[in-house]
*Asks:* 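There's a structure below that I have some questions on.
Here the structure is a predicted model, which is why all the values come from computation and not from measurement.
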Amino acid sequence: MAWWAMFSAMFWLYIASASSDAVGVPNTLAGMALTIATYGIVNRILSRYAARTGLSVESLSRRMFGSIGSILAPLVFAATALYYGVFEGSIVAVALQDYFGGDLRIWYLVCVIYMIPLVLGGVATWLDKINGILLPFYVIGLIAVIAAATIKQGYPHGWLDSAPTTGPLPGWLTSYLIYMGVWVMMMYTFDYARLAKPRDAKFHGTVTFGWVFYLFTFGVNGLIGIYILDCWGIAGSESGVVQAVINSLGFAGVVLILISQTRINTANYYLASSNLQVLADRALGIASPRAVWVIAAGILAYLFMLTDVLSYLLKALAWQGVLVTAWVAIALVHIALHRPGGKATTGNGVGAGALAWLVASAIGIAATVQTTYPVLAQLAPIITVAFAASLYWLSCSRLVRTPIRRAEGVTTNDRNHPTPEEAQTV
């Protein structure tokens, strides 16, 4: 249930509607189906490996990249989770201001302050319970939004048949590339799945983190987003989603947004604080409880909210997205080389692995920022994945057969010092 907090982000309603505005609904549905299949396969592999080994993103990165990985990976992960927390928290603030009025900066502060105590508890002790309680209310709220929008605006005939716009790439591929921008969900998966019991890995790989989860998260949410925005004739944007929900349900819509964004931000703040904790430990030698970093994450989130965050947030996320997709590609190659009974590197490719990550990321960022060849910019995520996987595979060319063991010999320090209840779960 703590993981299923990710299901209720308004972002999933927005990303589908934005894709349909760009390439049409039929192409979006095709890209969405391919995305669900891809996420299902990749996260099945990652979650089962994480559950079997107990490794976190940081400890796996240290195995793949050495000391640079133990610093850079949690830095990228913490920043990405924090940015998403800022983005989703801003939605709540905008909804509250839209309905009640007042200074937006005050609403920003309210949204940060009420999140901090919710995230102080661990996954197994608190986040799992609160998200289990809120999930039915979110589902009921989605049904109510659909019903209210239809009653008020009438059924939007032809909402599935919107004409696609022409572009340099096939529409379905463009939609698929849009969803590649949130591969950070795969890093999220790894840090949650490491807490699972190994005997439950098959179920989690299919349902909790696999295609079942993404069928609801991308498929159901996406269709609802496209439908309600078409009902109200609003262009795809996160503020547009907020407007459509409030137009449909009034104050109940504000409550629905509060519930949905509270759920998603428990995951964002939890992962931001836990990775800030690891980063402080590895980079600065500062050992401190996660509660300190929950407060630090809240302060940072509020400071970001006070800036013109949207002017640079999307660019920052695009750059971080390149680093994330490269990390995922390398992790999959690493897992393939360390499968039970398979081949594994001797460890002498660690420095070369870090170089592969940085070179592939630099190539991806260069492709993203250049404007001479627009198609190349659009294909940057796929280019990054291809280079990262190939370069890492080459860096691990010296292979020996070694059996895999629980946590691959991970010590207590490799587990990011989990709480007692999390350690018991592992």
Side-chain angles (χ1 to χ4, degrees), residues 1-6 50-51 53-62 69-89 109 111-132 134 184-185 187-197 261-305 320 407 410-426:
M1 285 295 98
W3 167 253
W4 273 75
M6 305 299 299
T53 64
L55 292 169
S56 65
V57 166
E58 181 274 333
S59 52
L60 176 61
S61 298
R62 182 147 38 89
S70 66
I71 296 175
L72 186 56
L75 173 62
V76 171
F77 199 179
T80 304
L82 186 63
Y83 281 176
Y84 277 117
V86 169
F87 206 39
E88 302 295 350
L109 184 60
C111 291
V112 169
I113 289 176
Y114 92 84
M115 281 303 307
I116 290 175
L118 295 181
V119 192
L120 289 176
V123 169
T125 56
W126 170 241
L127 295 184
D128 196 53
K129 295 180 176 62
I130 187 173
N131 282 294
L134 293 178
V184 72
M185 290 287 285
M187 295 180 84
Y188 278 40
T189 291
F190 209 87
D191 262 12
Y192 271 80
R194 73 186 179 92
L195 304 176
K197 296 175 182 176
Q261 303 309 88
T262 297
R263 282 172 47 80
I264 184 65
N265 263 352
T266 59
N268 288 327
Y269 276 72
Y270 169 75
L271 292 170
S273 60
S274 61
N275 279 276
L276 285 172
Q277 178 189 23
V278 171
L279 181 63
D281 186 13
R282 301 298 185 194
L284 304 175
I286 299 175
S288 52
R290 189 175 63 84
V292 172
W293 297 104
V294 171
I295 297 172
I299 294 172
L300 289 172
Y302 183 64
L303 293 176
F304 278 125
M305 287 177 176
Q320 291 173 36
V410 172
T411 64
T412 303
N413 289 334
D414 286 323
R415 295 188 180 280
N416 293 343
H417 308 289
T419 61
E421 64 271 19
E422 290 175 345
Q424 184 179 12
T425 303
V426 173

*Asks:* If you measure from CZ on R282 to CG on L72, what distance do you get to the nearest 0.5 Å?
*Replies:* 14.5 Å
*Asks:* List the atom of M305, the atom of G85, and the distance in Å for their closest heavy-atom pair.
*Replies:* CE-O, 4.4 Å
*Asks:* Check side-chain contact (heavy atoms from CB on, under 4.5 Å) between T266 and all other residues, then give those that pass, not counting sequence neighbours.
*Replies:* A5, M115, L127, N131
*Asks:* May I ask you to decide if P289's main-chain N or O and Q277's side chain share a donor-acceptor pair within less than 3.5 Å?
*Replies:* no
*Asks:* If you look at every heavy atom in V112 and A301, which pair is closest and at what distance?
*Replies:* CG2-CB, 4.4 Å
*Asks:* Is a side-chain donor-acceptor pair under 3.5 Å present for R290 with S273?
*Replies:* yes
*Asks:* Which value, rounded to the nearest 0.5 Å, describes the distance between D191 atom CG and L60 atom CG?
*Replies:* 10.0 Å
*Asks:* For Y269, what residues pass the ring-ring contact (aromatic ring centres under 6.0 Å, His included) criterion, not counting sequence neighbours?
*Replies:* none
*Asks:* If you compare all heavy atoms of G89 against all heavy atoms of N265, which two are closest, and at what distance to 0.1 Å?
*Replies:* N-ND2, 3.4 Å
*Asks:* Minimum heavy-atom separation for A267 and M6, please, with both atom names.
*Replies:* CB-SD, 3.3 Å
*Asks:* Please report the interatomic distance CG(D281) to CH2(W293), rounded to the nearest 0.5 Å.
*Replies:* 10.0 Å
*Asks:* To the nearest 0.5 Å, tell me how far L82 CG sits from F77 CZ.
*Replies:* 12.5 Å
*Asks:* Of all residues at least two apart in sequence or in a different chain, which pass the ring-ring contact (aromatic ring centres under 6.0 Å, His included) check with W3?
*Replies:* Y192, F209, F213
*Asks:* Can you tell me how far the CG atom of L279 sits from the CD1 atom of I71, to the nearest 0.5 Å?
*Replies:* 7.5 Å
*Asks:* Which atom names give the shortest non-hydrogen contact between M187 and A73, and what distance separates them?
*Replies:* CE-O, 4.4 Å
*Asks:* Check whether Q261 reaches the backbone of E88 with its side chain - one donor and one acceptor, N or O, closer than 3.5 Å.
*Replies:* yes
*Asks:* Locate the shortest heavy-atom distance separating V278 from E58; write the atom from each residue and the value.
*Replies:* CG1-CG, 3.3 Å
*Asks:* Are the side chains of I264 and Y84 in contact, using a 4.5 Å heavy-atom criterion?
*Replies:* no
*Asks:* Output all residues satisfying side-chain contact (heavy atoms from CB on, under 4.5 Å) with A291, sequence neighbours left out; order by chain, then residue number.
*Replies:* L120
*Asks:* What distance do L271 atom CG and Y188 atom OH have between them, rounded to the nearest 0.5 Å?
*Replies:* 6.0 Å
*Asks:* Mind checking side-chain contact (heavy atoms from CB on, under 4.5 Å) for M1 and listing every partner two or more places apart, or none if nothing turns up?
*Replies:* W4, D128, L135
*Asks:* Tell me every residue that passes side-chain contact (heavy atoms from CB on, under 4.5 Å) with I113, counting only those two or more places apart in sequence or in another chain.
*Replies:* L109
